[in-house]
Amino acid sequence: MTARKHQLAARFGAATEYDGAARIQHLVAARLAERIAAGAPPPARILELGCGTGFLGAHLRRLFPDADLTVTDLAPEMVARARQRLGEDGKTRFLTLDAEDPAAAGSGYDLICSSLSMQWFADRATTLARLAALLAPGGMMGFSTLCAGSFAEWRAVHQAAGVPCATPAYPDTATLQADWPWPGQGRWQTETVIDRPASPLAFLRELRQIGASLPQDGARPLGAGTMRRLLAALDARGASQGAPVMTYRIGYGMFRAPPQKGVFVTGTDTGVGKTLVSACLVRAWGARYWKPLQTGIAEETADADTLAALGACAPAAIHPAFATLAAPLSPLDAAELAGTPLDVSGIALPPPADPRPLVVEGAGGVMVPVTADCMMIDLIARFALPVILVARSGLGTINHTLLTLQALRERGIAVAGIVLNGPPSAAARRAVTQFGHTRILAEFPHLDRIGPEQVETLARTLPDFATIWRTRD
Ligand SMILES: Nc1ncnc2c1ncn2[C@@H]1O[C@H](COP(=O)(O)OP(=O)(O)OP(=O)(O)O)[C@@H](O)[C@H]1O
Ligand SMILES: C[C@H](N)[C@H](N)CCCCCC(=O)O
Ligand SMILES: [Mg+2]
């Protein structure tokens, strides 16, 4: 452990008044627990880091009573307090653990989470990569942390007095986003919490009591006189509102590990070439194929049959559809027309029977309705596979492609890259890479005939699966 880590552990260990002072911790742990519950199927194994006195642990225990819960903290005193709060139930184990060196906790976790401890990580990106390696396939990470804008009032009085502020500079969400193990996968959202400590002195005391007053490396402690001036200035700022006001900007980050090796092939529209690209990917990677929602078979060949006819793989490598509908409409409309509304609550990727990757093809584009409260993009997020986006190369594609990329990224869905389909277009290529911040995996020309031979030729132009898997955006 570094000297700073020892210092940190000692501060938290000595924070015996923690619970009384930790209003924000209380609130944020509850909010994080809500987000975890909304995003995760009940996890069987949970690892909590930086447990403090067990605020989040108590929520986890309540939400997931059957789970094996490992509760950890850097400070042994905090572990003891969490043990006191949660009690011994045979399903909870307590460990003193540095979150930045987590291997001793073991692996195979369905959920790894932590409330308001990430701001102390010395190397966030490395730590997140180490933690991701402890997740089971499809496992989730959920964190809350302090973000840029926190303690704005405290910084403002420092600035006005010309005194450097020792409170750490917290990251913005773009910085946090870039530190996910796969930067495109996972999403940060922020919330502003306005706290009203009883007095400026109470604010300082509470920071100290929750052990969070350790200044940035290299910052010098302020003299008593300067500190008094700063507190008086904070008091004056708050006078008009009856009490000092302190802003906390809280980031909530949720990340889902892919459940198995594979990609989801979506498009900027229907008829853009998803099936052709899927056939080539399956052929190139020796992959399995799944089209969960097939509509339009009254007028078109089912995509799985097209794939077989194109010689992309053996029929046994094609998984049966979840639903096949006659009308050439969205799954929602086709199902309503058939009088059999879909229930996709149980839809799941076919299990990985062998090491071959899975290629999943959507229906239409990302905003196509599947049920009244589920769109294609919701299924993509649920499946947690990186996306390959198929786009036309012709005029109009820039807008469709950038909008689709924006929608995917807003949902925290990793984009492996784009396949441009149709006559080569330098303008489309440039705009998509420059404004879409993604790569072109391949460009398929317009073909007069499409058969097994063409599929084989195009398949040779695609990157291999290992490259796609290693370098998601
Ligand atoms: N590069 C190409 N050259 C010539 N024809 C193409 C090319 N790409 C696709 N097509 C043809 O365009 C039609 C639509 O392509 P495809 O079926 O792959 O679209 P899709 O995006 O899978 O549509 P859906 O939403 O119905 O699944 C097909 O008839 C296909 O053969
Ligand atoms: C029938 C078609 N080939 C696809 N299977 C379904 C496309 C639905 C598109 C809905 C829309 O965006 O308007
Ligand atoms: Mg198709």
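Order of appearance sets the numbers: ligands from 1, and atoms from 1 within every ligand.
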Can you list the atoms of ligand 2 that are under 4.0 Å from a heavy atom of [X]?
{"X": "Thr295", "result": "1 (C), 4 (C), 5 (N), 6 (C)"}
{"X": "Thr270", "result": "2 (C), 3 (N), 4 (C), 7 (C)"}
{"X": "Pro328", "result": "1 (C)"}

Vertex the Mg ion (ligand 3): angle to OD2 of Asp303 and OE2 of Glu361, to 10°?
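Output for this angle: 90°, rounded to tens.
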
Approximate separation, where rounding is to 0.5 Å, of [X] [atom1] and [Y] [atom2]:
{"X": "Met118", "Y": "Ser144", "atom1": "CE", "atom2": "OG", "value": "8.5 Å"}
{"X": "Ile112", "Y": "Met141", "atom1": "CD1", "atom2": "CE", "value": "6.5 Å"}
{"X": "Ile380", "Y": "Thr266", "atom1": "CD1", "atom2": "OG1", "value": "4.5 Å"}
{"X": "Gln177", "Y": "Arg187", "atom1": "CD", "atom2": "CZ", "value": "9.5 Å"}
{"X": "Leu146", "Y": "Gln119", "atom1": "CG", "atom2": "CD", "value": "4.0 Å"}
{"X": "Leu27", "Y": "Leu116", "atom1": "CG", "atom2": "CG", "value": "9.5 Å"}

Does [X] use its side chain to pair, donor to acceptor, with the backbone of [Y] at less than 3.5 Å?
{"X": "Glu48", "Y": "Gly57", "result": "yes"}
{"X": "Glu456", "Y": "Cys280", "result": "no"}
{"X": "Arg356", "Y": "Trp285", "result": "no"}
{"X": "Asp73", "Y": "Cys51", "result": "yes"}
{"X": "Asp179", "Y": "Leu176", "result": "no"}

Would you say [X] and ligand 1 have an N/O pair spaced under 3.5 Å apart?
{"X": "Ala363", "result": "no"}
{"X": "Phe444", "result": "no"}
{"X": "Asp269", "result": "no"}
{"X": "Asn421", "result": "yes"}

Under a 4.0 angstrom heavy-atom cut-off, which atoms of ligand 1 come close to [X]?
{"X": "Gly364", "value": "25 (O)"}
{"X": "Gly271", "value": "14 (C), 19 (O), 20 (P), 21 (O), 23 (O), 24 (P), 25 (O)"}
{"X": "Glu361", "value": "22 (O), 27 (O)"}
{"X": "Lys291", "value": "27 (O)"}
{"X": "Leu447", "value": "2 (C), 3 (N), 4 (C)"}
{"X": "Leu276", "value": "1 (N), 7 (C), 8 (N), 18 (O)"}

Parallel, tilted or perpendicular: which fits the ring planes of Trp154 and Phe203, with parallel below 30° and perpendicular above 60°?
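Perpendicular: the ring planes of Trp154 and Phe203 meet at over 60°.
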
Classify the contact between [X] and ligand 1 as side chain, backbone, both or neither, using a heavy-atom distance cut-off of under 4.0 Å.
{"X": "Asp448", "result": "neither"}
{"X": "Pro445", "result": "backbone"}
{"X": "Val390", "result": "neither"}

Counting non-hydrogen protein atoms only, what is the nearest one to [atom]? Give residue, atom name and distance.
{"atom": "atom 10 (N) of ligand 1", "result": "Ile450 CD1, 3.8 Å"}
{"atom": "atom 9 (C) of ligand 2", "result": "Val368 CG2, 4.0 Å"}
{"atom": "atom 20 (P) of ligand 1", "result": "Lys274 N, 3.4 Å"}
{"atom": "atom 19 (O) of ligand 1", "result": "Gly273 N, 3.1 Å"}

Between Lys91 and Asp68, does any NZ, NE, NH1 or NH2 come within less than 4.0 Å of an OD or OE carboxylate oxygen?
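Answer for the salt bridge query: no.
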
Would you check whether Glu300 has a nitrogen or oxygen atom less than 3.5 angstrom from a nitrogen or oxygen atom of ligand 2?
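Yes; the residue has a nitrogen or oxygen that sits under 3.5 Å from a nitrogen or oxygen of the ligand.
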
Against ligand 2, does Leu329 come closer than 4.0 Å with any heavy atom?
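The answer is yes, since Leu329 has a heavy atom less than 4.0 Å from ligand 2.
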
May I ask whether [atom] is less than 4.0 Å from at least one protein heavy atom?
{"atom": "atom 27 (O) of ligand 1", "value": "yes"}
{"atom": "atom 6 (C) of ligand 1", "value": "yes"}
{"atom": "atom 13 (O) of ligand 2", "value": "no"}

For the Mg ion (ligand 3), decide whether Thr270 has an N, O or S atom at a distance under 2.8 Å.
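No, outside the cut-off.
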
Gly422 touching ligand 1 at heavy-atom level, < 4.0 angstrom
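Distance cut 4.0 Å: Gly422 fails for ligand 1.
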
Will you find, in the side chains of Arg288 and Gln260, an N or O donor that is under 3.5 Å from an N or O acceptor?
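Their side chains do contain a donor-acceptor pair, which is all the 3.5 Å distance test asks for.
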
If you take all heavy atoms of Thr268 and Arg392, which pair is closest and at what distance?
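Closest approach of Thr268 to Arg392: OG1-N, 4.1 Å.
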
Quick check: closest heavy atoms across Ala133 and Ser107, and the distance to 0.1 Å?
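It is O-CB, 4.5 Å.
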
